[in-house]
Chemist: 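Sharing a structure with you now.
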Amino acid sequence: MKNLLPFDKPVFYTRPLLPDLDQYRSVLQRAWDAQWLTNMGSLHVEFENRVGQMLGVPAISVFNNGTIALITAVQSLRLAGEVITTPFTFPATPHVLSWNGIHPIFCDIDPVTMNLDPAKIEPLITPHTTGILAVHVFGTPCDVDSIQKIADTYGLKVVYDAAHAFGVEVSGRAIGTYGDVSMFSFHATKLFHSAEGGALTYRDPALKARVDLLKNFGIKNEEQVVMPGINGKMSELSAGLGLLVLDMVEEERRKRAEIAAVYRERLPRIPGISLLPTYPHVRQSYQYFVIRVDPKAFGKDRDTLYAELKKLNVITRKYFYPLCSDYSCYSQLPSAAPSHLPVANKVVREVLSIPYFGTLGTENAHRICDMIAHVRATT
Ligand SMILES: *Cc1c(COP(=O)(O)O)cnc(C)c1O
């Protein structure tokens, strides 16, 4: 019997991992005993080491959030002028360029991976270009080799927004070791989180010294401030929470894999619904589960599916709609013209993030598949 009645309570596209509160209390006791709540306390130190190990990177700096980390990454590499980036991302990506006085130059995306299309980068390079800011969208790795080749040819820096790519590996190599710097977000909506938080990882570990100064106002010691830094420090409260969530990540991945297996088996059988590919050489992030709606074959467009699922108490997200190139602060840029970004403008109308978190369970995943099929067959 298919249950096509609305869920009793809203089923969101994601839910945060929540450790036992008593356990969190006992971790916080360490901060209370030390009377040390921030500024690289013992929880910060332990957290930074353990996340670095988990990510398989030689050096890491943790931050109070991913956006400040990304702003700092761009500062640390002394980027200026123009930086080539994608319009299909979260607002933070182009905004960190603006916060550094840099002009974002939007480049179209690949129709399958939805990542920056390396074949479209070169024509956008000018004498003012200093870097490429690419995003591993939904955890799918960018074409890192092609991007690096272009960067090497033109002497550009490469920064990756790896906010969705926690734990991703490409042929066994940690995603955080590609490019010059990668940013991870530990926001509550991410698979791994510390309520708010983020990190930078480096190809060249020597960069960590400069970043650690930048994240603490440029304070070198009690007498010397050596550069215009910012406050990017993670507090002991976040580090302590993150330490506990770290222990929950593997099990969460297992549970999400079971849900993904249901979705992957059932959803492609619905005409008009397609999924993002998986790759045998890539260890997935299990961050989001994204479907694409082809309005012709499905008979309804993505926005209709979104609205119908909402009536059934299934709260999906149109990630990443609208395109950054359509924000009022960027739409006047020449590179933001829709005619310059045809693939991004098509993809952005098709994507929908559906519920994907361990406590959803496979039974509810089946129920959501039934609902999507039902929306196609009716309304
Ligand atoms: C979540 C996210 C960010 C921002 O991270 P915060 O930690 O929330 O500042 C940046 N880029 C992408 C693609 C994200 O999904």
Side-chain angles (χ1 to χ4, degrees), residues 13-19 44 46-70 73 89-90 92-93 113-115 133-142 144 159-179 181-203 232 234 238-257 259-260 276 278-279 281-290 317 319-320 353 356-358:
Y13 67 105
T14 192
R15 295 272 83 182
L17 282 174
L18 291 171
H44 178 290
E46 184 180 340
F47 178 74
E48 196 167 76
N49 286 333
R50 280 197 53 203
V51 178
Q53 275 168 22
M54 186 100 155
L55 287 174
V57 292
I60 182 169
S61 303
V62 298
F63 276 79
N64 48 6
N65 65 64
T67 303
I68 295 286
L70 200 54
T89 182
F90 189 70
T93 317
T113 65
M114 308 179 186
N115 288 329
L133 171 53
V135 183
H136 304 300
V137 173
F138 309 135
T140 305
C142 289
V144 285
V159 180
Y160 283 111
D161 178 335
H164 297 177
F166 189 84
V168 169
E169 291 172 3
V170 184
S171 305
R173 177 171 162 186
I175 196 73
T177 62
Y178 288 93
V181 183
S182 297
M183 178 279 282
F184 293 86
S185 166
F186 308 147
H187 184 259
T189 52
K190 308 301 201 265
L191 169 80
F192 169 69
H193 76 91
S194 52
E196 292 272 5
L200 295 181
T201 63
Y202 318 97
R203 181 171 52 182
M234 173 179 273
S238 275
L241 180 63
L243 279 170
L244 294 175
V245 175
L246 213 47
D247 291 332
M248 303 170 77
V249 165
E250 273 315 317
E251 194 188 337
E252 177 67 10
R253 280 205 186 97
R254 258 194 314 278
K255 289 181 184 164
R256 289 190 186 196
I259 293 162
L276 301 196
T278 54
Y279 302 88
H281 66 293
V282 173
R283 181 175 185 244
Q284 293 179 53
S285 71
Y286 300 99
Q287 172 60 58
Y288 291 116
F289 200 95
V290 177
R317 273 282 180 279
Y319 277 154
F320 292 108
S353 276
Y356 197 42
F357 51 91

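In what follows, every heavy atom counts, from backbone to side chain, and hydrogens, waters and symmetry copies are set aside.
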Chemist: First locate atom CG of N65, then atom OG of S194, and finally report the distance between them rounded to the nearest 0.5 Å.
Modeler: 9.5 Å
Chemist: Answer yes or no: is there a donor N or O on one side and an acceptor on the other, between the side chain of R256 and the main chain of Y286, under 3.5 Å?
Modeler: yes
Chemist: Does the side chain of Y178 come within less than 4.5 Å of V170's, by heavy atoms?
Modeler: yes
Chemist: Apply the test side-chain contact (heavy atoms from CB on, under 4.5 Å) to residues L70 and V159: give CA-CA distance (whole Å), side-chain angles for both, the deciding distance (0.1 Å), then the verdict.
Modeler: CA-CA 9 Å; L70 200 54; V159 180; 3.8 Å; yes
Chemist: So, taking the atom named NE2 in H193 and the one named CG in L191, what distance separates them when rounded to the nearest 0.5 Å?
Modeler: 9.0 Å
Chemist: With rounding to the nearest 0.5 angstrom, report the CG to OH distance, L276 to Y288.
Modeler: 13.0 Å
Chemist: Any side-chain heavy atom of P19 within less than 4.5 Å of one from L241?
Modeler: yes
Chemist: Would you give the length of the straight line joining atom CZ of F357 to atom CD1 of I259, rounded to the nearest 0.5 angstrom?
Modeler: 7.5 Å
Chemist: Given side chains that start at C-beta, do those of V135 and F90 come closer than 4.5 Å, heavy atoms only?
Modeler: no
Chemist: Indicate every side-chain donor-acceptor pair of residues 46-59 with a distance under 3.5 Å to a residue at least two apart or in another chain.
Modeler:
residue	atom	partner	partner atom	Å
E46	OE1	R30	NH1	2.9
E46	OE1	R30	NH2	3.0
E48	OE1	K208	NZ	3.1
E48	OE2	V62	N	2.8
N49	ND2	V45	O	3.4
R50	NH2	D247	OD1	2.8

Chemist: At their closest point, which heavy atom of A165 faces which heavy atom of I175, and how far apart are they?
Modeler: O-CG2, 3.5 Å
Chemist: The test is side-chain contact (heavy atoms from CB on, under 4.5 Å); show your working for E251 and R254 and say whether it passes.
Modeler: CA-CA 5 Å; E251 194 188 337; R254 258 194 314 278; 3.7 Å; yes
Chemist: Of all residues at least two apart in sequence or in a different chain, which pass the side-chain hydrogen bond (donor to acceptor under 3.5 Å, both in side chains) check with R317?
Modeler: none
Chemist: So Y160 and H136, would you call those rings parallel, tilted or perpendicular, with 30° and 60° as cut-offs?
Modeler: parallel
Chemist: Answer whether the closest heavy-atom distance between the side chains of V290 and V137 falls below 4.5 Å.
Modeler: no
Chemist: Can you name the nearest heavy-atom pair linking S285 to G139, along with the distance?
Modeler: OG-CA, 3.6 Å
Chemist: Nearest 0.5 Å, please: how far is NE2 in H164 from CZ in F184?
Modeler: 12.0 Å
Chemist: Provide the closest heavy-atom pair for A92 versus T67 in the form atom of the first, atom of the second, distance.
Modeler: CB-OG1, 3.6 Å
Chemist: Determine whether a donor-acceptor pair (N or O, by modelled atom type, separation under 3.5 Å) exists between the side chain of N115 and the backbone of P141.
Modeler: yes
Chemist: Determine, stepwise, if the pair S61 / Y202 fulfils side-chain hydrogen bond (donor to acceptor under 3.5 Å, both in side chains).
Modeler: CA-CA 9 Å; S61 303; Y202 318 97; 2.6 Å; yes
Chemist: Take Y319 and Y13 through the ring pair (Phe, Tyr, Trp, His ring centres under 6.0 Å) test and state the conclusion after the steps.
Modeler: CA-CA 11 Å; Y319 277 154; Y13 67 105; 5.7 Å; yes
Chemist: Output yes when R253 and E250 qualify as a salt bridge under the 4.0 Å nitrogen-oxygen rule, no when they do not.
Modeler: yes
Chemist: Quick one: does E252's side chain have a donor or acceptor within less than 3.5 Å of a partner on G358's backbone?
Modeler: yes
Chemist: Please report whether the ring centroid of F138 lies less than 6.0 Å from that of F320.
Modeler: yes
Chemist: Side-chain contact, heavy-atom cut-off 4.5 Å: Q287 with Y356?
Modeler: no
Chemist: Any chance you could measure F63, atom CZ, to M234, atom CE, to the nearest 0.5 Å?
Modeler: 10.5 Å
Chemist: Can you name the side-chain hydrogen bond (donor to acceptor under 3.5 Å, both in side chains) partners of E169, sequence neighbours left out?
Modeler: none
Chemist: Hey, does L200 have a side-chain heavy atom less than 4.5 Å from the side chain of M183?
Modeler: yes
